[in-house]
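Here the structure is laid out as structure tokens; the discussion comes afterwards.
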Amino acid sequence: MSRDMARNYIGGKWCDSAAERLDVRDPSTDEVIGQVPLSSSKEVEAAAQAASDAFEEWRETPPVVRIQYLFRLRELMEENYEDLARTIVLEEGKTLDEARGEMRRTIENIEVAAGTPSLMMGRNLEDVARGIDEEVVRQPMGVFACIAPFNFPAMVPWWFSPYALATGNTYVIKPSEQVPFSQQRIFELLHELDLPPGVINLVHGGREAVEALVEHPSIVGVSAVTSTPVARHIYAKASAQGKRAQCQAGAKNFIVVMPDADLGRAVPGLITSFFGCAGERCLAGSVLVAVGDVYEPLKERFTAAARDLTVGNPMDETVQMGPVISQQHRERVLAHIEAGLKEGARLILDGRAVSVEGCERGYFLGPTILDDVHPDMSIAKEEIFGPVPSLMRVGDLSEALDIIDRNPYGNAASIYTSSGAAAREFKYRVRCGNIGINVGVVAAMAFFPFGGTKESFFGDLHGQGQDAVDFFTEKKVVISRW
Amino acid sequence: MLRTFGALVTAAVQLEESLAAFYEQAAQSAREGAAKTLLGDLGEETRALSGRLERVRREQVNEMLLEPIPGLDPADYVIALDEAGEITHDALFTRALEAEATIARYYRDAAEQMPVPEAGRSLSRAADVHAGRAARLRQATGGHPG
């Protein structure tokens with residue numbers, strides 16, 4: 001199937017859309033690589049209906065049979081691994097290694113969901129009263145939907161969908177309109193599985209499709225990964241209708257480096273955290289907090305390592321950082337840098353003028369570091385989502401913890417230290433969903449829950465693992481006397 | 001410079017592919033006998049090794065460990081494999097021995113830089129495989145060349 005026109009997949013069939021189309025661009029070159037339809041609410045309605053029609057048969061399909069489709073999908077993903085990774089690179093702009101890592105995590109979730117016959121089990125107790133037994137069973141609920149972001153175009157829908165399918169629900173995925181082709185490619189593989197029509201559906205689109213998914217009466221729950229204002233909106237709207245919702249939102253991640261940190265080990269981890277995926281990762285480091293005397297050596301080594309990064313076309317495997325997603329986003333990141341400078345921050349590494357030979361129209365930004373950043377500056381508070389760390393100096397760990405605590409986001413935070421006491425205090429006090437101790441990218445594995453706290457998450461059950469199984473099932477208690 | 005996990009493994013795959021093509025062509029041109037069998041076997045084994053490395057690149061990549069590495073210069077590991085059909089028997093085995101030694105050295109150096117220990121182990125084992133071939137090649141030439 002051609003990659004030049006994204007198509008919806010509804011009821012087991014590829015469907016052309018008559019809706020308005022958007023160009024999809026390669027962020028490395030600005031070339032148009034295809035188009036995506038902004039599907040109407042009627043097309044969402046068709047997808048939701050197809051999923052609803054498929055539900056009864058699918059929920060009656062034994063879990064051990066349902067997971068066979070996941071095993072086969074996993075095999076197909078392995079067979080098509082490089083092609084899938086290159087599709088991610090083409091439309092999102094991350095490096096090949098990062099795209100391969102994304103595919104690995106995608107597959108890892110499918111592998112964990114394949115354990116659903118165990119994960120979904122209920123529990124029971126005989127003789128809760130004389131001659132009376134009680135049990136709790138888990139049952140699927142109906143149609144769920146995923147509203148996905150641009151930054152992990154293959155993986156994010158598969159934080160949720162394998163668990164939804166394995167537990168007997170049916171599903172609708174709406175990818176970001178900026179990156180439709182990774183899911184398109186995955187659905188081409190899904191099409192080979194001969195799943196019952198309607199069990200899983202793909203609808204491309206923008207805001208209209210999102211609103212229609214959240215409003216549709218057949219859809220009983222929504223998983224979304226987006227910005228904080230949109231996540232809050234989706235959560236409020238879904239929960240007002242009695243739907244389940246888990247909405248992962250924005251982030252502002254602080255990384256604290258203590259004076260006793262081993263900088264030789266820390267700096268490579270910091271570089272990956274701040275500049276990996278060009279900073280467009282909800283787990284990316286954003287503010288580097290140097291405690292006490294570590295400030296000068298940390299600044300020197302971190303800046304030198306950042307300067308040494310190879311920025312370029314991410315299809316070139318020697319490249320360590322690719323472009324950001326769009327020209328518009330690049331301008332937004334530049335505006336954050338300008339705001340920081342106006343507020344008194346100092347530029348100690350300036351990547352704004354980076355140029356990549358052969359990719360002169362790409363949306364590249366080199367590593368850019370702002371120093372003398374204070375907690376009240378906008379760049380210390382707002383999500384930037386680009387390769388622009390803010391360097392901040394504090395007197396002690398307590399001051400660092402207070403700054404983190406005041407920030408409204410709670411997705412991730414890390415500490416680099418060789419002190420068990422400092423590490424313990426950090427993990428005990430910081431209110432974030434993901435804590436790193438001498439780890440800069442705190443990406444929860446598929447068998448652990450993934451999600452933030454505070455303004456970074458709206459809901460209770462997170463994605464992945466047992467949390468996902470809980471989200472996609474409801475518990476029913478049965479009390480029996482014979 | 002090869003400074004990423006993927007670049008290190010892909011360079012290894014490319015070295016294996018070149019070597020496999022060399023052995024396959026050499027086996028095709030060689031007269032029936034022990035040398036032809038050996039060259040054919042080495043070609044097959046090298047292809048299999050290349051496949052194993054592609055699997056390492058797929059399965060061992062870990063987002064949390066994609067840290068910058070000092071890197072290797074590919075110019076230090078160039079293998080000169082002329083058209084295997086156009087050189088003498090002795091020259092062919094000499095080239096093969098040199099290539100095997102270079103590739104083994106590449107694997108040892110790359111293994112030291114691997115941020116993922118499992119991938120490092122796979123590269124070390126590949127180094128052992130190539131180092132072990134020297135004896136087989138020397139045996140096939142009666143102790144010469146090399």
Side-chain angles (χ1 to χ4, degrees), chain A residues 77-82 84-85 89 94-108 111 152 155 265-273 275-277 281 283-284 304-310 312 314-321 367 414 434 436 438-445, chain B residues 1-18 20 47-78 103 106-107 109-123 126:
Chain A
M77 284 185 171
E78 292 284 3
E79 286 166 19
N80 293 276
Y81 201 93
E82 277 300 295
L84 288 162
V89 175
K94 64 180 64 177
T95 66
L96 256 175
D97 266 359
E98 289 164 348
R100 288 184 185 126
E102 178 175 348
M103 279 312 303
R104 194 77 259 142
R105 191 55 57 89
T106 307
I107 289 172
E108 191 184 286
E111 290 169 343
F152 284 85
M155 178 185 75
R265 285 180 63 201
V267 169
L270 295 172
I271 291 292
T272 307
S273 178
F275 301 110
C277 299
R281 182 153 52 190
L283 295 170
R307 188 180 287 119
D308 202 31
L309 285 173
T310 310
M315 284 291 183
D316 173 351
E317 215 156 2
T318 62
V319 159
Q320 293 167 298
M321 193 171 88
S414 293
N434 306 282
N438 298 318
V439 172
V441 182
V442 203
M445 303 291 282
Chain B
M1 287 290 282
L2 308 171
R3 298 174 63 205
T4 65
F5 170 87
L8 283 178
V9 182
T10 297
V13 170
Q14 286 163 352
L15 287 171
E16 296 292 355
E17 294 290 326
S18 305
R47 288 269 175 226
L49 205 47
S50 171
R52 266 166 55 187
L53 289 165
E54 284 180 355
R55 201 178 69 221
V56 166
R57 190 175 59 191
R58 241 183 19 245
E59 294 182 353
Q60 303 299 346
V61 64
N62 186 324
E63 199 182 358
M64 284 185 277
L65 297 175
L66 285 179
E67 297 169 353
I69 46 185
L72 298 177
D73 186 346
D76 294 338
Y77 307 94
V78 173
I103 295 177
Y106 176 78
Y107 280 122
D109 294 347
E112 279 180 19
Q113 300 213 3
M114 266 293 158
V116 184
E118 289 77 9
R121 190 168 61 236
S122 296
L123 297 187

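As the structure is a prediction and not an experimental result, all values here were calculated from the model. In what follows, chains are A, B, ... by sequence order, proteins preceding strands, each numbered from 1.
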Just jot down the ring-ring contact (aromatic ring centres under 6.0 Å, His included) partners of F275(A), sequence neighbours excluded, or say none. F302(A)
Looking at every non-hydrogen atom in both residues, tell me the closest pair between V89(A) and A99(A) and how far apart they are. CG2-CB, 3.6 Å
What closest approach, in Å, do V442(A) and V439(A) show between heavy atoms, and which atom pair accounts for it? CG2-O, 4.2 Å
Engaged part of [X] at the chain B interface, taking heavy atoms whose separation is under 4.5 Å:
X: M445(A); value: side chain
X: I271(A); value: side chain
X: V267(A); value: neither

Going by the ring-ring contact (aromatic ring centres under 6.0 Å, His included) test, which pairs reach into residues 52-72 of chain B, not counting sequence neighbours? none
Are the charged groups of E16(B) and R47(B) less than 4.0 angstrom apart, N to O? no
Going by side-chain contact (heavy atoms from CB on, under 4.5 Å), L123(B) matches just one of L53(B), V56(B), D109(B). Which one? L53(B)
For chain A against chain B, give me the donor-acceptor pairs closer than 3.5 Å, one per line with atom names and distance.
{"unit_1": "R3(B)", "atom_1": "NH1", "unit_2": "D308(A)", "atom_2": "O", "d": "3.1"}
{"unit_1": "R3(B)", "atom_1": "NH2", "unit_2": "D308(A)", "atom_2": "OD2", "d": "2.8"}
{"unit_1": "T4(B)", "atom_1": "OG1", "unit_2": "E317(A)", "atom_2": "O", "d": "2.8"}
{"unit_1": "F5(B)", "atom_1": "N", "unit_2": "D97(A)", "atom_2": "OD2", "d": "3.1"}
{"unit_1": "G6(B)", "atom_1": "N", "unit_2": "D97(A)", "atom_2": "OD1", "d": "2.9"}
{"unit_1": "G6(B)", "atom_1": "N", "unit_2": "D97(A)", "atom_2": "OD2", "d": "2.8"}
{"unit_1": "T10(B)", "atom_1": "OG1", "unit_2": "E317(A)", "atom_2": "OE1", "d": "2.8"}
{"unit_1": "T10(B)", "atom_1": "OG1", "unit_2": "E317(A)", "atom_2": "OE2", "d": "2.7"}
{"unit_1": "R58(B)", "atom_1": "O", "unit_2": "Y81(A)", "atom_2": "OH", "d": "3.1"}
{"unit_1": "R58(B)", "atom_1": "O", "unit_2": "R104(A)", "atom_2": "NH1", "d": "2.9"}
{"unit_1": "R58(B)", "atom_1": "NE", "unit_2": "E78(A)", "atom_2": "OE1", "d": "2.8"}
{"unit_1": "E63(B)", "atom_1": "OE2", "unit_2": "R281(A)", "atom_2": "NH1", "d": "3.2"}
{"unit_1": "L66(B)", "atom_1": "O", "unit_2": "T272(A)", "atom_2": "OG1", "d": "3.1"}

For side-chain contact (heavy atoms from CB on, under 4.5 Å), just list the numbers for V61(B) and L66(B), CA-CA rounded to whole Å, side-chain angles, deciding distance to a tenth of an Å, and then say yes or no. CA-CA 8 Å; V61(B) 64; L66(B) 285 179; 4.0 Å; yes
What option among P115(B), G71(B), P68(B) has the most heavy-atom pairs under 4.5 Å with chain A? P68(B)
So, using side-chain contact (heavy atoms from CB on, under 4.5 Å) as the criterion, who are the partners of L15(B) when residues are at least two apart? I79(B), I103(B), Y106(B)
